[in-house]
2 protein chains.
Amino acid sequence: MPRAVKWETLHGARYDTRSRDFTALTPCSAGLQPRTGMVPALPQSFWRESLTLIEQHLPFGRRKLCAQDRVYRCGDPFDTLYLISSGLFKIVNTAPDGREQAAGLYFKGDWLGFDGIPTGSHGCSAVAMDLGEVWTIRYDALLRVSANVPMVMRVLLAAMSAQLAHNRDTMLNMGSLRADARVADFLLQWAQALAERGLRTDQIRLYMTRAEIGSYLRMTMESVSRALSRMARCGVIEFNEAGRRDIRIPDLAALTDFIQSSTELETSPVQ
Amino acid sequence: MPRAVKWETLHGARYDTRSRDFTALTPCSAGLQPRTGMVPALPQSFWRESLTLIEQHLPFGRRKLCAQDRVYRCGDPFDTLYLISSGLFKIVNTAPDGREQAAGLYFKGDWLGFDGIPTGSHGCSAVAMDLGEVWTIRYDALLRVSANVPMVMRVLLAAMSAQLAHNRDTMLNMGSLRADARVADFLLQWAQALAERGLRTDQIRLYMTRAEIGSYLRMTMESVSRALSRMARCGVIEFNEAGRRDIRIPDLAALTDFIQSSTELETSPVQ
DNA sequence: CGATGTGTTGACCGGGTTCAAACAATGTGG
DNA sequence: CCACATTGTTTGAACCCGGTCAACACATCG
């Protein structure tokens, strides 16, 4: 069965194999709010702004990638930023001994490559997790255009700030949520990312192994597996028939309840 | 004994009570490198760039703060950014139930307030931990000037990217270091921040309670206390006579060794 | 068929949280 | 000045979550 059909079944979206993009068939279920995030969710149109703005005002290249392809590697010299036009990407931090840890997930409309700006070379790698496409935008060109088109600068700064805020919330979650809740929150954030982009949120395909999820959530694959099993037993999620990477979320509210019921760590009051 | 004198003793710096700034008496011990950071340390002059550039090109206000004063609060509308001209600040994330968690520490030359850019209102609070001063810079004015002075935009983007990279490394550390190592790494990073600003690194005054440190490192105050006690027993650090918040670090190399000897968590290889 | 990669489950153990008690530093009011 | 309260710090003891190790199921691929 071709992948495109699977996508359609899974996310209720039409997958165009030529452009490697998917468009929603059903209006997304809006109103999702992050459980722990202090930052209100961005307006749904936000992720689109970067793409349309860049398209209008900047010369850019297109680069298609297959699963496991790297947009850039740790150590590469920095001179261009990348804007995800389709697909799903992760940032991995490569330790000196060669082992890797996932440090972030990025979807359509997100930028990649900021980490190279201050030092001039990339401090981590960006890896495609499926078919995908990025627009390559030279940093100096972007700066020049930003000076003339205020909106470009605004969007760029907003995108960076949003990443900062998102990282901050992620840090808090990882510090204050127990294993089960972390996994549940991970699914919830994934659903939110889909919702913001107009896709169905009740069915999710994880393009990650348990080990990868564990790397991202700072826990072992065994714990991830156990957490998912427990959630399935509680009926919060369901595994699709074959393949344990397709997950149905019957009720998002039940998922958020599950997060809260998985007793959080005490957050000691400060001062 | 006035606070200024204490500062001089502690950090080998002259503290000017009028400007509330300190200037190094002794050239700093350079060459400090982060243990886990994949991002090479910024050049020592980096923190200065923001300050000099803003001073030259932008109108800005000065705002002095005492310990526990808030630069901005969670929920405040966003329209200005803040540049730390002196002092030490922390970012706290206020949970819906009112409890707070420290999410970051910021020193002279660091920017505050980015989190308000995408949403137009602040998602966290910035709190002074001691006497300090920030320069207030209106965001729209900054954007206007950035368009005309490329260097201002470069520095702004570099500062934001540096925060992103720093957050990423912090996340990794918190996920991969054990309690003792986390506390040691915390001290090391503090020393680095002082070193980058030309201050002595062998003596550190923590303007934080154990509970605050624990909040920042995502662990209980008991664990922080135990870790510090262990480090003191090993001779890696020494407490100053009175008051357990003044810490001497006889040998920074010993501190890094201590971090590595505190067995790290296994980082599972990905893919 | 074996080899390999992935996912699940069980048993065990250890580090860090939790709970509790005691002490130190500081301030307050009589 | 002392009694007292408050806050911060230290240390001990018990518990428990999640890491570790191991065994096994299952799929794909050569």
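Lettering of chains follows the sequences in order, A, B, ..., and the numbering in each one begins at 1. Quick note: numbers below take in every heavy atom, side chains included, and nothing from hydrogens, waters or symmetry partners.
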Residue closer to the 5' end of DNA chain D, Leu228(B) versus Ala179(A) (nearest nucleotide): Leu228(B)
Closest nucleotide of DNA chain D for Arg218(A) versus for Arg233(B): which of these residues is on the 5' side? Arg233(B)
Looking only at side-chain atoms of [X], point me to the closest of [options].
X         : options                  : result
Ser229(B) : dT6(C), dT9(C), dT11(D)  : dT11(D)
Arg178(B) : dT10(D), dG16(C), dG7(C) : dG16(C)
Phe239(B) : dT9(D), dT8(C), dT10(D)  : dT10(D)
Ser225(A) : dT9(C), dT18(C), dT9(D)  : dT9(C)

Interatomic distance, [X] [atom1] vs [N] [atom2] [rounded to whole Å]:
X         : N       : atom1 : atom2 : result
Arg210(A) : dT20(D) : CZ    : P     : 19 Å
Arg230(B) : dG12(D) : CZ    : P     : 11 Å
Glu222(A) : dG19(D) : CD    : C1'   : 8 Å
Met221(A) : dT9(C)  : CE    : C1'   : 11 Å
Arg245(A) : dT8(C)  : CZ    : C1'   : 14 Å
Asp246(B) : dG8(D)  : CG    : C1'   : 15 Å
Glu212(B) : dT9(D)  : CD    : C1'   : 14 Å
Leu217(B) : dT17(C) : CG    : C1'   : 15 Å

Between Tyr72(B) and Tyr82(B), does the ring centroid distance fall short of 6.0 Å? yes
Under 4.5 Å between any side-chain heavy atoms of Tyr207(A) and Arg245(A), yes or no? no
Looking at Asp185(B) and Arg178(B), is there a salt bridge between them, counting it only when a charged N and a carboxylate O are closer than 4.0 Å? no
Sole candidate of Arg230(A), Arg226(A), Met219(A) that passes side-chain contact (heavy atoms from CB on, under 4.5 Å) when paired with Val183(A): Met219(A)
So, OP1 or OP2 of dG16(C): does either fall under 4.0 Å of a side-chain N or O from Ser223(B)? no
Check: Val127(A) main-chain N/O paired with Arg70(A) side-chain donor or acceptor under 3.5 Å: no
Does the dT20(D) base have a donor-acceptor partner in the side chain of Arg226(A) within less than 3.5 Å? yes
